[in-house]
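Below: one structure, written as structure tokens.
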Amino acid sequence: MNFSDWIGSIGVTILLIAFVLILTNKISKSGVTYLFMNLSAAYLRLLHLILYIIFRLLFLRQRGCLHLFLEYGRPITWEKEEN
């Protein structure tokens, strides 16, 4: 797992902990703790997505091509032009 995967895993873990705490009535849905846990988890998941996209684009650009997976996962490839 790379750095962005760890960030995403931490975000999902925070969401799961918040869910379990609500199910066991340790915190309320209208409380500040629940709001903070949800916002921090959402921020971490968004950060994971941004880092994943950046790392993926940099990696593909270094290889000289860009792959985009559109609907149904079909790859479209643009090869780098040679000068």
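Just so you know, these numbers use all the heavy atoms, side chains as well, and skip hydrogens, waters and symmetry mates.
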Query raised in the report: What residue among I14, V20, T13, L15 forms side chain to side chain contact (heavy atoms under 4.5 Å, CB included) with I17?
Result: T13
With [X], which residues qualify under side-chain contact (heavy atoms from CB on, under 4.5 Å), at least two apart?
{"X": "L46", "result": "I50"}
{"X": "F19", "result": "L23"}
{"X": "L47", "result": "I7, Y43, L51"}

Query - Closest approach of A41 to G11 (non-hydrogen atoms, all atoms of both residues) - result: CB-O, 3.3 Å
Report task. Drop me the distance from R45's CZ to S9's OG, to the nearest 0.5 angstrom. Result -> 8.0 Å
Query raised in the report: By the rule that ILVMFWY residues connect when side-chain heavy atoms come within less than 4.5 angstrom, directly or transitively, which residues belong alongside L16?
Result: V12
Requested in this report: Report the hydrophobic cluster partners of V32, with the cluster defined as I, L, V, M, F, W, Y residues connected by side-chain heavy atoms closer than 4.5 angstrom, directly or transitively.
Outcome: none
Query - side chain to side chain donor-acceptor pair (under 3.5 Å): pairs with one or both residues in residues 15-36, sequence neighbours excluded - result: Y34-N38
